[in-house]
Amino acid sequence: MENYVDPTREQFGAMMKLPDAGPIHMLNLLKFRASAAYPDGHPEAGAARTGAEAYALYGRDSAPIFKRVGGRIVYAAAPQCMLIGPGDEAWDAAFVAEYPSAAAFAEMIKDPDYQRAVAHRQAAVETSRLVRMAPQQSGATFAG
C-alpha cells in the first residue's frame, strides 16, 4: 500500500478551487503506525509512543483551533473489516469532520499552533485518505 500522510500542493490547490458556498465535510480514514515516528530534533523524538497515542496528542493540541474555526465531528466510527476493496487497506479510525467552509479549513491548517500540532499527526499516521465532500440531505434509500 502506498502511503499518504499530507496533501500535495496540487491536491490542496484543487480542493480550494472548488465552490465554497457552505459547509464542507472531510472524510478521514486513518491507519496508524505501530510506533510514532517523529523527526530528529522534535521534542517527542525517541519517545516510546504508539501511532494512536501520537494521534491523540494531535487531537488534543489541534482541538482549540478546530473549534475556533467552527469545526465539528459529525460522524466517527471504528472500522472493523474491509468488505469491498483492497484487503491491505485496513483502517484504524474513520470520521467525518465538518467545517463551515473550505476557507475555515484553510485557516485552521495555516494557524501556527495547528502547524505545531500536525507534527503529532505526521508521526502517528502510516497512511490516510482525506476526501472533501459536499453535504447532502440524507434519505431512506441508497439513492437519497
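When side chains are defined from C-beta on, Val74 counts as touching Val96, because their heavy atoms get closer than 4.5 Å. Side-chain contact check for Leu130 versus Gln11: every heavy-atom pair is 4.5 Å or farther apart. Side-chain contact check for Thr50 versus Arg33: every heavy-atom pair is 4.5 Å or farther apart. A 4.5 Å side-chain heavy-atom check between Asp6 and Gln122 finds at least one atom pair inside the cut-off. Taking the side chain as every heavy atom from C-beta outward, Ser128 and Arg121 approach each other to under 4.5 Å.
Here the shortest heavy-atom pairing between Pro23 and Pro135 reads O-CD, 3.3 Å. Summarising the geometry of Ala54 relative to Ala124, their closest heavy-atom pair is CB-CB, 3.7 Å, with the distance given to 0.1 Å. When all heavy atoms of Ala119 and His42 are compared, the pair lying nearest together is CB-NE2, 3.7 Å. The two residues Met16 and Ala106 make their nearest non-hydrogen contact at CE-CB, 3.8 Å. Closest approach of Pro79 to Ala77, counting heavy atoms only: CD-O, 3.3 Å. Summarising the geometry of Ile73 relative to Ala97, their closest heavy-atom pair is CD1-CB, 4.0 Å, with the distance given to 0.1 Å.
Among residues at least two apart or in separate chains, ring pair (Phe, Tyr, Trp, His ring centres under 6.0 Å) pairs with a member in residues 4-37 are Phe32-Tyr55.
Salt-bridge formation is not detected for the pair Glu89/Lys31: no Lys NZ or Arg NE/NH1/NH2 atom is positioned less than 4.0 Å from an Asp or Glu carboxylate oxygen.
Listed by chain and residue number, nothing satisfies the side chain to side chain donor-acceptor pair (under 3.5 Å) test with Gln115 (two or more places apart in sequence, or in another chain).
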List the atom pairs, donor and acceptor, that lie under 3.5 Å between side-chain atoms in residues 56-63 and the rest of the protein, sequence neighbours left out.
{"from": "Tyr58", "atom 1": "OH", "to": "Tyr114", "atom 2": "OH", "distance (Å)": "2.7"}
{"from": "Asp61", "atom 1": "OD2", "to": "His120", "atom 2": "NE2", "distance (Å)": "3.3"}
{"from": "Ser62", "atom 1": "OG", "to": "Tyr58", "atom 2": "O", "distance (Å)": "2.7"}

Report task. Check the pair Asn3, Glu126 against side-chain hydrogen bond (donor to acceptor under 3.5 Å, both in side chains), reporting the backbone distance first and the verdict last. Result -> CA-CA 6 Å; Asn3 293 358; Glu126 180 179 320; 4.9 Å; no
Report task. Please lay out, stage by stage, how Leu18 and Arg132 fare under the test side chain to side chain contact (heavy atoms under 4.5 Å, CB included). Result -> CA-CA 10 Å; Leu18 294 172; Arg132 177 180 162 172; 3.6 Å; yes
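To the nearest 0.5 angstrom, Met108 atom CE is 10.0 Å from Arg68 atom CZ. Rounding to the nearest 0.5 angstrom, the gap separating the CG atom in Asp113 from the CD1 atom in Ile65 is 5.0 Å. To the nearest 0.5 Å, atom CZ of residue Arg129 and atom CH2 of residue Trp91 are 4.0 Å apart. Separation of atoms CE (Met15) and CG (Asp20) is listed at 8.5 Å; rounding is to 0.5 Å.
Under the 4.5 Å side-chain heavy-atom criterion for ILVMFWY residues, no single connected hydrophobic cluster contains both Val125 and Tyr38. In this structure, Phe105 is not a member of the same hydrophobic cluster as Leu27, with clusters built from ILVMFWY side-chain heavy atoms closer than 4.5 Å. With hydrophobic clusters built from ILVMFWY side chains whose heavy atoms lie under 4.5 angstrom apart, Leu29 shares a cluster with Met133. Under the 4.5 Å side-chain heavy-atom criterion for ILVMFWY residues, no single connected hydrophobic cluster contains both Tyr75 and Tyr99.
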